[in-house]
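First up is the structure itself, then whatever we jot down about it.
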There are 2 protein chains.
Amino acid sequence: MQNKYTDIYNKIADKIRKGQFAPGTKLASEHELMKQFDTSRETIRKALNHLAQNGFIQKIQGKGSIVLDAVKPDLRFSELLSFKESAEKMNKHARTHVEELNLEVAEDEICNHLQIPAGSVVWKVHRVREIDGERIILDKDYLNSSYVKHLSKAICEKSIYQYIEQELDMVIGFAKKEIVIEDSQEEDDRLLEMNGHTNVVVVRKFVYFDDTTLFQYTESRHRPDKFNYVDFARRAPGK
Amino acid sequence: MQNKYTDIYNKIADKIRKGQFAPGTKLASEHELMKQFDTSRETIRKALNHLAQNGFIQKIQGKGSIVLDAVKPDLRFSELLSFKESAEKMNKHARTHVEELNLEVAEDEICNHLQIPAGSVVWKVHRVREIDGERIILDKDYLNSSYVKHLSKAICEKSIYQYIEQELDMVIGFAKKEIVIEDSQEEDDRLLEMNGHTNVVVVRKFVYFDDTTLFQYTESRHRPDKFNYVDFARRAPGK
DNA sequence: TAGTGGTCTAGACCACCAT
DNA sequence: TGGTGGTCTAGACCACTAT
């Protein structure tokens, strides 16, 4: 347990995920939850607001907190997950093939993306993701070697994020993402089982540490028929 | 002004958008903002946390709140905006062509999506979105006629959400969204300028009122080369 | 050590919903 | 009317960063 409200959040979220709190039913009132968790109302409210933000519940003034039919809130576009984490949450059989792993002088475009001087040395990692026996995603990662000094095939096969967080003890903060559709390139055709598809879904991602330093640029190239993203969106209040 | 913290949020967000607070610089401290806005610290913190959630700032303990280089946080995938709102925020020349507007017995699949009995009567609205002179999006909307009793061509040309919120005084709460790539259908080819593209990006959306009732199912079909979504994602803390 | 943000509390008052 | 959630406050204590 890190703090009370994430603890309460996790306990309630788990019960909703497991169906112990059924969709359509109401949670106990905030007053009741205060007693159950022996805490103050603001702390309960922090947990409940977080649950509402993530699509677990809907709070209605005067009524209570209604459990929603989860959108698999685990597979969120707005979450920043590694491939390994996503695959595990989806219960997929996944394998990673490291096709390329080099510390090299980066192309100008990559240096530009990483906001470092042209001619800088970066880690270039190309990995193919095999899911249920099919090679359907090509991940092209570029990492600022000033922050991530060492990488290995084993690390890339497992999870770079896990290595950064657990071994390097750096904290990943946030990312900017973009989705576009593009024509497939020679590399996609060579490394993926394209099954005749001529375009790919490209997810571009800029990933930052907690202290706002940019350390990674990634292009995740998906075979179009296997691409699927879900999300939960709230209507911005106001006006 | 509805309440203090959204007011403070909007004021700071506007200044960041306009560049009056430059990326990389720090906001005033929470203590300082308390004095500036004549309010308590928790109220300031609510506003700042909201700004952090939406990618405007990064809070660092012991240091302060750093202004981020905005990802055009206005064009977020995780936001629930109408086409009109999106187009306005992007400063695009947009036109809407209402191709179909009928109150009719819905197909079983649609009834299923809207969670109503087979054979129910629903509003079916097909609209083509023209942006910068090109017809590139086909929106197929289905609305539960028990909640939305009246619609007109004028309403559909303008904004259904605006009509629902301002005229019907209903509050739109949240939506579940999904993105997939599919082969284009005869209707896409007929109504859109496909320029030889043979697939479309389909955004499926289930939209709910504030009180958790489902009132709309939408399929938004985009020409692939014009599809672009951006988002800001935070790494879930914990574990 | 001083200043920053992070957590938590106990209580007030208000708005909305049910009865 | 009583119960629910929504806003706001003043203050305490802690953790981290600077110096």
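Computed from a prediction, not measured in an experiment: that's the story for all the values here.
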| request: For B:R127 and B:C156, indicate whether the former's side chain and the latter's backbone hold a donor-acceptor pair under 3.5 Å. | output: yes

| Atom pair distance, as rounded to whole Å: NZ in A:K46 and P in D:dT7 | 15 Å

| field | Near-strand residues of residues 32-41 of chain B, defined as heavy-atom separation under 4.0 angstrom from DNA chain D | value | B:T39, B:S40, B:R41

| Expressed in angstrom and rounded to an integer, what is the separation of B:N3 atom CG from D:dG5 atom C1'? | 14 Å

| field | A:K15, NZ: over 12 other non-hydrogen atoms inside 6.0 angstrom | value | no

| field | Sidechain-backbone polar pair: B:N10 side chain, B:T6 backbone, donor-acceptor under 3.5 Å | value | yes

| field | B:H31 NE2 - D:dA10 P separation (whole Å) | value | 13 Å

| task | State, without any angle test, whether B:T218 and B:Q216 hold a side-chain donor-acceptor pair at a distance under 3.5 Å. | result | yes

| said: Evaluate A:Y208 against A:F215 for ring pair (Phe, Tyr, Trp, His ring centres under 6.0 Å), listing each step before the verdict. | reply: CA-CA 6 Å; A:Y208 297 73; A:F215 74 97; 8.3 Å; no

| query | Can you say whether the rings of B:Y142 and B:H126 are parallel (under 30°), tilted (30 to 60°) or perpendicular (over 60°)? | reply | perpendicular

| request: Compute whether any side-chain donor of one residue and acceptor of the other, for A:E109 and A:Y217, lie under 3.5 angstrom apart. | output: no

| query | Hey, does the side chain of A:K4 come within less than 4.0 Å of C:dT9's phosphate (OP1/OP2), counting only N and O? | reply | yes

| Aromatic ring proximity, centroids under 6.0 angstrom, A:F206 and A:H113 | yes

| Rounded to whole angstroms, how far apart are CD on A:E42 and P on D:dT7? | 10 Å

| According to the interplanar angle, ranging from 0 to 90°, do the rings of B:H50 and B:Y9 count as parallel (below 30°), tilted (30 to 60°) or perpendicular (above 60°)? | parallel

| query | Can you check the B:I44 CD1 to D:dC8 P distance for me, whole Å? | reply | 11 Å

| Using a cut-off of less than 4.0 Å, is there contact between a side-chain N or O of A:R45 and OP1 or OP2 of D:dG6? | yes

| request: For the residue pair B:H222 and B:F227, categorise the inter-ring angle as parallel (less than 30°), tilted (30 to 60°) or perpendicular (more than 60°). | output: perpendicular

| message | Based on the rotation axes of five pairs at each end, what angle does the helix from C:dT1-D:dA18 to C:dA18-D:dT1 bend through, to 10°? | response | 0°

| Atom CG of A:L27 and atom P of D:dT4: how far apart are they, to the nearest Å? | 13 Å

| Partner of A:D139 under salt bridge (Lys or Arg N to Asp or Glu O under 4.0 Å), chosen from A:K205, A:R129, A:R204, A:K84 | A:R129

| request: Considering just the side-chain nitrogens and oxygens of A:T43, establish if one lies under 4.0 Å of OP1 or OP2 belonging to C:dT9. | output: yes

| request: Say whether, by atom type as modelled, one donor and one acceptor occur between the side chain of B:Q58 and the main chain of A:D210 under 3.5 angstrom. | output: yes

| request: Report yes if at least one side-chain N or O of B:Y5 is closer than 4.0 Å to OP1 or OP2 of D:dT7; otherwise report no. | output: yes

| Could you give the CD-to-P distance, from B:E30 to D:dA10, as a whole number of Å? | 16 Å

| field | Value in whole Å for how far the C1' atom of C:dT7 lies from CG of B:L48 | value | 15 Å

Can you name the atoms? Protein N/O to nucleotides 14-17 of chain C N/O, anything below 3.5 Å, with the distance.
{"residue": "C:dC16", "atom": "O4'", "partner": "A:Q61", "partner atom": "OE1", "Å": "3.4"}

